[in-house]
Structures are given as structure tokens and as C-alpha cells.
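Predicted model, so just to flag it, every value in this text is computed and none were measured. Labels below follow one simple rule: chain letters A, B, ... track the order of the sequence lines, proteins then strands, and each chain is numbered from 1.
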Amino acid sequence: GWPGSGGIRGGAAMDLFGDLRRMNKRQLYYQVLNFAMIVSSALMIWKGLIVVTGSESPIVVVLSGSMEPAFHRGDLLFLTNFHDDPIRAGEIVVFKVEGRDIPIVHRVIKVHEKGNGNIKFLTKGDNNEVDDRGLYKEGQNWLEKKDVVGRARGFLPYVGMVTIIMNDYPKFKYALLAVMGAYVLLKRES
Amino acid sequence: LRKNVEDFTGPRERSDLGFVTFDITADILNGKNGLQTSRNKNTLIIFDWNVKQLFLYLSAEYSTKNNALNQVVLWDKIMLRGENPRLSLKDMKSKYFFFDDGNGLKGNRNITLTLSWNVVPNAGILPLVTGSGHVSVPFPDTYETTKSY
């Protein structure tokens with residue numbers, strides 16, 4: 001028999017182990033395959049989005065308040081980055097400064113395009129007093145097409161807060177992953 | 001939309017700087033849906049239940065020897081839903097410096113000023129709309145040395 005492990009907590013743990021022991025090897029492999037399928041499908045959908053939108057990061061979360069009151073921290077933006085789409089004043093672009101990882105969401109306020117298609121442009125956050133020259137690389141005065149991650153085409157408020165919370169509180173992220181993993185592995189299909 | 005040019009350029013580090021003063025008269029109506037009647041082509045119905053705000057901006061578009069296309073935003077304004085949709089601004093100075101990338105403003109006869117706006121919904125697509133009506137303004141052939149802006 002089991003050594004006494006008193007209380008309700010002990011009882012629930014025993015149920016969990018009981019479940020695992022009862023599954024035979026075949027069922028376990030089946031569950032793992034199921035899990036792998038779900039992960040692969042999610043990855044395929046994400047890669048498909050990247051191809052269809054032309055952007056390396058078709059969904060981004062707004063991280064700062066520099067575009068308020070239009071966008072707030074935690075809002076979700078949907079991007080496209082079609083090669084033939086010209087960059088025009090007034091558009092909201094997501095760009096990365098060379099050498100930095102964090103994408104910035106601001107508006108284009110100046111565009112100078114040459115006949116051969118060469119474009120340089122300047123951005124500014126709606127909520128900022130000055131343009132973004134202070135954010136660019138040392139000596140860099142303009143952005144180019146290669147710095148653009150995508151153009152903001154659509155948006156959903158608040159939804160991105162989940163990723164911000166997971167970033168700021170990693171314990172929450174691990175707990176969430178553990179719960180999801182346990183659920184998928186132990187769920188039985190009748 | 002009515003705009004006037006008053007002053008003009010002064011060089012700074014070899015780039016032209018333009019000064020423009022303008023009036024803006026615009027009528028952006030509240031409405032229930034996006035239908036346009038054929039009688040009033042100019043009446044766009046814009047503010048509906050899903051519109052949080054409009055980001056309005058006045059941009060100057062022109063061509064120079066250096067660049068085939070130039071666009072510079074001179075002025076912008078955020079119009080929240082519920083604010084008066086009729087704009088009647090007179091003698092406005094540009095909010096931002098109108099620098100050219102080079103010396104293309106001097107003697108440039110064709111600078112087109114257009115009012116456009118970005119519709120920001122509560123959730124959904126973010127369209128950019130250009131208002132009907134735009135004005136062409138010319139810049140003079142010589143630089144001005146006195147600062148009367």
C-alpha cells in the first residue's frame with residue numbers, strides 16, 4: 001500500500017500517477033504524436049502567415065505608448081510587407097533599427113523617393129514631440145525599405161497583453177506551458 | 001480646402017526650407033453607414049460605431065531634380081469620435097519644418113497640398129483615406145533672407 005500522504009493534495013497526486021500508470025506505452029505514444037501534430041499545425045499556420053503577408057513578423061504587440069491614443073501597450077497589430085507597396089506619408093510602419101531587436105511602431109512623416117525606386121523616409125510617434133532621428137543608429141538620418149518589418153493594416157486592442165505578461169513574469173509563462181502540456185498529454189480521446 | 005503660401009525658402013546646410021501658411025476647411029460628417037449618394041459626391045460618411053479616432057494630416061507632395069517623389073507632412077491633428085467634425089482653421093503655420101532633401105523647393109511651381117486621414121477603428125482594418133480637393137502652390141525663384149515667418 002501507499003505510505004500515508006495525508007489530505008486532499010495527496011489524493012489528487014495519486015490520481016495523476018494512477019492515470020499515467022494506467023496508460024500503456026501505445027497510448028502514451030499516441031498522446032505524444034497528437035501533441036506534436038498540434039505544435040506542427042501551429043507552426044505551419046505561422047509560417048503560412050509569413051509567406052502570405054510578406055512580413056517576417058506578421059503579428060506584433062505594441063510595447064510603448066508612443067502612438068497613443070491610437071494604440072496602447074498591449075494592442076495587437078497585423079502587418080503586411082508586400083515588396084511593391086510604396087512607402088507613403090501617413091502610413092504606420094513597424095521597423096527595426098539596425099543592430100537592435102525591438103520593433104518600433106510609428107508613422108511615416110517624410111518620404112523622398114528617387115526615380116529608380118530608392119526610398120528614404122522619416123518616422124515619428126504620434127504621441128512624441130520630436131521625430132525618430134534620436135532613435136536611429138548613430139549618424140543615421142533616414143530609414144530605408146530594408147528596415148521595415150511591415151505596414152500596419154489592422155489592429156485588435158488588448159489581446160497582446162498576454163505576451164507582455166508572459167515576458168515580464170516568466171513564472172506565469174512556465175506555469176501556463178506546464179498546464180497546457182499536462183492537458184494535452186493526459187487528455188483521452190474516447 | 002483653401003490654402004495660401006506666404007513666405008518661402010531659406011537654405012540650411014544646403015537644403016531648402018519652405019514656409020507655408022494655410023487655411024483648412026473640411027467637413028467630415030458623422031454618419032451611420034458608408035453609403036454615398038450620387039448627389040453629394042463630397043460627403044463621406046466616416047465616423048461610425050467602430051471608429052475610435054481619425055488621424056488627420058496635411059502633406060505636401062512634389063517632384064524635384066534629386067527625387068522623383070517627395071512627401072512631407074506639414075501638420076497633423078487627432079480627431080476623436082465625438083469631436084466637432086467640421087474643421088475651419090485659418091492662417092495655420094506648419095507644425096513641422098518643411099525641409100527638402102536638397103534644393104528642390106526653389107522655383108518649384110507645383111507643390112500639391114492634400115489633406116488625408118488614417119481611420120483608427122476600435123478593432124479592425126486601418127485604412128488611409130485622402131480627402132477630396134487639393135491645392136497646388138508654387139514656391140518663388142529666390143530665397144528670402146529676412147525672417148518674417
#### Entry: Identified side chain to side chain donor-acceptor pair (under 3.5 Å) partner of Asp76(B) from the options Trp117(B), Tyr96(B), Tyr57(B)
Tyr96(B)
### Message
Looking at every non-hydrogen atom in both residues, tell me the closest pair between Ala123(B) and Asn50(B) and how far apart they are.
### Response
O-ND2, 2.9 Å
### Query
What parts of residues 81-93 of chain A touch chain B if we use heavy atoms and a cut-off under 4.5 Å?
Arg88(A), Ala89(A), Gly90(A), Glu91(A), Ile92(A)
### Message
If we ignore hydrogens and angles and just use 3.5 Å, is the side chain of Asn67(B) paired with the main-chain N or O of Thr64(B) as donor and acceptor?
### Response
no
### Message
Same cluster or not: Val51(B) versus Leu56(B), using hydrophobic residues (I, L, V, M, F, W, Y) connected whenever any side-chain heavy atoms lie under 4.5 Å apart?
### Response
yes
### Message
Taking side chain to side chain donor-acceptor pair (under 3.5 Å) as the definition, give me every residue that meets it alongside Thr112(B), ordered by chain and number, with sequence neighbours left out.
### Response
none
### Task
Measure distances from Val120(B) to the heavy atoms of chain A and classify the residue's part below 4.5 Å as side chain, backbone, both or neither.
side chain
### Task
Taking heavy atoms only and a threshold strictly under 4.5 Å, list by residue number the residues of residues 118-137 of chain A that touch chain B; give 'none' if the list is empty.
Lys120(A), Lys124(A), Asp126(A)
### Members of residues 151-173 of chain A whose heavy atoms come closer than 4.5 Å to chain B
Ala152(A), Arg153(A), Gly154(A), Phe155(A), Leu156(A), Pro157(A)
### Task
Please examine the side chains of Phe55(B) and Arg107(A), heavy atoms only from C-beta on, and report whether any two atoms are closer than 4.5 Å.
yes
### Message
Counting only non-hydrogen atoms closer than 4.5 Å, does Pro127(B) touch chain A with its backbone (N, CA, C, O), its side chain (CB onward), both, or neither?
### Response
neither
### Ile125(B), part contacting chain A, at a heavy-atom distance under 4.5 Å
both
### Query
Taking atom types as modelled and ignoring hydrogens, do the side chains of Ser55(A) and Thr53(A) form a donor-acceptor contact shorter than 3.5 angstrom?
no
### Message
I'd like to know whether Asn116(A) forms a side chain to side chain contact (heavy atoms under 4.5 Å, CB included) with Lys114(A), so could you lay out the CA-CA distance, the side-chain angles of the two residues, the decisive distance to 0.1 Å, and finally the verdict.
### Response
CA-CA 5 Å; Asn116(A) 62 9; Lys114(A) 295 210 185 287; 3.5 Å; yes
